[in-house]
Amino acid sequence: MKIKKYLAAGMVCCMILLLFAGCGRKKPEIPVKIQAGIIVYNQSDVFLGELVTCLRQQFEELGSGDLEITVMVRDAAGSQRTQDDQVRELIDMDCNVLCVNLVDRADPSEIIDLARENDVPIIFFNREPVAEDMMQWEKLYYVGADARQSGQMQGELAADAIEADELIDRNRDGKIQYVVLEGEPGHQDAIIRTESAVDTLKSRNISLEKSGTGIANWDRAQAQNRMQQLLSQYPNQIEMVLANNDAMALGAIDAYHKLNYTETALPVFFGIDGTEAGLEAVIDGRLAATVYNDRKGQAQAIAKLAVAAVTGMGMSDIVFENEKYIYLPYQKVTDENVREFLY
Ligand code: GAL
Ligand code: CA
């Protein structure tokens with residue numbers, strides 16, 4: 001009996017000792033592993049596809065030292081329900097940080113609840129949630145770019161081109177007949193890009209006459225379709241195409257080719273993004289200019305922030321706007337500097 005008592009007392013002492021030893025030990029600063037889940041609204045979107053490629057590269061680079069990083073990518077293929085399920089799945093698979101490109105930027109509540117319940121920080125990117133949603137939890141961040149700036153730059157590039165080349169005003173009526181090809185309705189980059197591009201042209205005293213607008217949801221094939229319709233309404237009358245992104249500008253060019261317009265009968269086309277195909281088109285002169293949407297810089301910021309959000313490492317070096325936003329600047333791309341953007 002006595003022996004049992006001594007044994008029990010001894011065990012309690014050992015446990016207390018172990019407990020103290022545990023408390024005294026410094027917590028490891030880096031968790032063993034970073035498991036990043038990346039979910040994209042639609043991977044057939046050209047810019048997003050290229051951004052994800054950059055993001056994989058950035059994680060690979062950061063993971064080559066002491067950190068072990070694994071990355072899992074999911075494509076929501078345009079469905080918010082699918083995306084919500086993918087968030088659940090990735091959290092179940094022990095992802096400890098999520099990079100989310102929302103399908104519906106007005107509907108992130110379910111994702112935010114899931115992340116908060118499991119204490120998994122989220123970096124939203126490219127499709128910006130509204131400010132109230134971003135306030136729901138302190139571990140929500142956003143990485144993107146300022147839509148107004150891209151529109152302004154597109155407007156400036158167009159104004160420069162029009163001032164430099166009087167032949168752009170083909171019918172010599174002193175006005176530029178133009179069409180706009182717009183991205184998804186409700187996207188922060190669609191309406192704002194259009195408005196600020198047109199306002200910038202007007203502020204440069206360029207007289208404009210709008211022939212029409214087509215919504216083509218960032219997509220090349222849809223833009224070709226819309227442009228063919230516009231051309232059947234305004235054959236040979238359009239002098240400039242302002243597209244909210246490169247894919248749609250290239251779709252508009254496809255429409256002219258499909259309808260057998262000769263090179264000399266083409267209007268000037270302006271895009272935004274500087275995708276690989278967009279940059280190629282600037283090099284060979286099919287696009288007059290584009291605006292670089294800094295996918296490399298955005299990917300770098302997302303990857304760094306993901307590591308910081310999990311480990312705390314490097315968080316104090318990150319410069320935020322309003323504590324949780326990072327906006328990378330756009331840059332103008334013309335045939336003069338386009339080669340700087342190729343890599
Ligand atoms: C924009 C980009 C578009 C499209 C869209 C998707 O920033 O310019 O090409 O990718 O994001 O959300
Ligand atoms: Ca004209």
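As the structure lists them, so they are numbered: ligands from 1, and atoms in each ligand from 1. The figures that follow rest on heavy atoms only: side chains count, while hydrogens, waters and symmetry mates do not.
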Problem - Heteroatom N/O/S of E239 within less than 3.0 Å of the Ca ion (ligand 2) - result: yes
Exercise for the section: Examine R170 and say whether one of its N/O/S atoms is closer to the Ca ion (ligand 2) than 3.0 Å. Expected result: no
Short N or O distance, [X] and ligand 1, threshold 3.5 Å exclusive:
| X | answer |
| --- | --- |
| H187 | yes |
| D45 | yes |
| R193 | yes |
| R127 | yes |

Handout entry: Lys/Arg N to Asp/Glu carboxylate O, R116 vs D113, below 4.0 Å
Key = yes
Handout entry: Sidechain N-carboxylate O distance under 4.0 Å for E156, R204
Key = no
Practice task
Please say whether the positively charged group of R286, taken as NZ for Lys or CZ for Arg, lies over the ring of F269, i.e. under 6.0 angstrom from the six-membered ring centre and within 45 degrees of the axis.
Solution key: no
Would you kindly say whether [X] and [Y] are connected by a side-chain donor-acceptor distance under 3.5 Å?
| X | Y | result |
| --- | --- | --- |
| N337 | E340 | no |
| N244 | T194 | yes |
| Q229 | Q233 | no |

Exercise for the section: With the Ca ion (ligand 2) as the reference point, give the N/O/S atom of D169 that is nearest. Expected result: OD1
Problem - Heteroatom of D173 nearest to the Ca ion (ligand 2) (N, O or S, atom name) - result: OD1
Practice task
Around atom 2 (C) of ligand 1, find the nearest protein heavy atom and jot down its residue, atom name and distance.
Solution key: D273 OD1, 3.4 Å
Handout entry: For atom 1 (C) of ligand 1, the protein heavy atom that lies nearest, with its residue and separation
Key = D189 OD2, 3.3 Å
Which of the numbered atoms in ligand 1 are below 4.0 angstrom from a heavy atom of [X]?
| X | value |
| --- | --- |
| N126 | 1 (C), 6 (C), 7 (O), 11 (O), 12 (O) |
| N293 | 2 (C), 7 (O), 8 (O) |
| N245 | 3 (C), 9 (O) |
| F47 | 2 (C), 9 (O), 10 (O) |

Exercise for the section: Please work out the angle at the Ca ion (ligand 2) defined by atom OD1 of N171 on one side and atom O of K175 on the other, rounded to 10°. Expected result: 150°
Practice task
Could you check whether the rings of Y141 and F320 sit parallel, tilted or perpendicular, using 30° and 60° as the cut-offs?
Solution key: parallel
Problem - Criterion salt bridge (charged side-chain N to carboxylate O under 4.0 Å, His left out) on E128 and R105, from CA distance to verdict - result: CA-CA 6 Å; E128 185 172 340; R105 54 185 282 263; 6.0 Å; no
Practice task
Check for a donor-acceptor pair, side chain of Q80 on one end and backbone N or O of V103 on the other, with a separation under 3.5 Å.
Solution key: yes
Exercise for the section: Look at atom CG of N322 and say whether more than 12 heavy atoms of other residues, nucleotides or ligands are closer to it than 6.0 Å. Expected result: no
